[in-house]
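Supplied in structure tokens, the structure appears directly below.
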Amino acid sequence: MAEIIVILVFVVIYLVCKANFNYKVDNYPISKVDSSKMISDKVRNNLSNAQVQRNMINGKYDKR
């Protein structure tokens, strides 16, 4: 019984973290993003969509 509770706790934590990440991606201001940097990085470095989104949230593709 304790194992099931521990697994459920980890699943809930995972889902909350995933929802928080998706919220950040959905509400990131697109006007700050340089799409040419983003596409170039994705093509040259063969990045997945999740990696590109993570970089976007961290400010790697912000216009300067």
Side-chain angles (χ1 to χ4, degrees):
M1 184 67 179
E3 296 87 10
I4 295 173
I5 293 173
V6 170
I7 291 172
L8 286 175
V9 167
F10 281 122
V11 168
V12 168
I13 290 172
Y14 171 77
L15 292 175
V16 168
C17 290
K18 187 174 180 179
N20 187 25
F21 176 76
N22 288 336
Y23 177 80
K24 286 180 182 179
V25 169
D26 290 342
N27 293 314
Y28 194 80
I30 298 300
S31 61
K32 291 175 59 175
V33 176
D34 187 358
S35 60
S36 62
K37 281 185 190 178
M38 185 170 55
I39 293 170
S40 174
D41 192 34
K42 182 174 183 169
V43 171
R44 289 183 184 166
N45 296 328
N46 197 22
L47 299 178
S48 69
N49 287 336
Q51 290 169 322
V52 170
Q53 291 172 345
R54 215 173 303 125
N55 287 342
M56 181 180 67
I57 290 172
N58 290 331
K60 183 175 180 183
Y61 307 126
D62 287 355
K63 293 179 183 176
R64 299 184 192 223

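Keep in mind that the numbers below use all heavy atoms, side chains included, and drop hydrogens, waters and symmetry copies.
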Handout entry: Nonpolar side-chain network containing V12, other nodes, edges under 4.5 Å
Key =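 In the cluster with V12 are V16.
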Practice task
Determine which pairs satisfy side chain to side chain donor-acceptor pair (under 3.5 Å) with at least one residue from residues 21-35, sequence neighbours left out, and list them in order.
Solution key: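 For residues 21-35: Y28-D62, D34-S36.
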Handout entry: Those residues that, when tested against K37, pass side-chain hydrogen bond (donor to acceptor under 3.5 Å, both in side chains) (two or more places apart)
Key =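 K37: no side-chain hydrogen bond (donor to acceptor under 3.5 Å, both in side chains) contacts found.
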Practice task
List for me each residue that meets salt bridge (charged side-chain N to carboxylate O under 4.0 Å, His left out) alongside K42, sequence neighbours excluded, and say none if there are none.
Solution key: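 Result, salt bridge (charged side-chain N to carboxylate O under 4.0 Å, His left out) vs K42: none returned.
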Problem - Student check: side-chain heavy atoms of V52 and D41 closer than 4.5 Å - result: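 No, side chains not in contact.
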Handout entry: Transitive ILVMFWY side-chain link I39 to Y61, under 4.5 Å
Key =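 No, I39 and Y61 fall in different hydrophobic clusters.
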Practice task
Considering non-hydrogen atoms only, spot the tightest contact between Q53 and V25 and give its length.
Solution key: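 In terms of heavy atoms, the two residues are closest at CB-CG2, 3.9 Å.
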Exercise for the section: Output the rest of the hydrophobic cluster of I4: all Ile, Leu, Val, Met, Phe, Trp and Tyr residues reachable through side-chain heavy-atom contacts under 4.5 Å, sorted by chain and number. Expected result: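 Noted: I4 shares its cluster with L8.
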Problem - Co-members of V6 in a cluster of I, L, V, M, F, W and Y side chains, linked at under 4.5 Å - result: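 F10, which link up through side-chain heavy atoms under 4.5 Å apart, make up the rest of the cluster.
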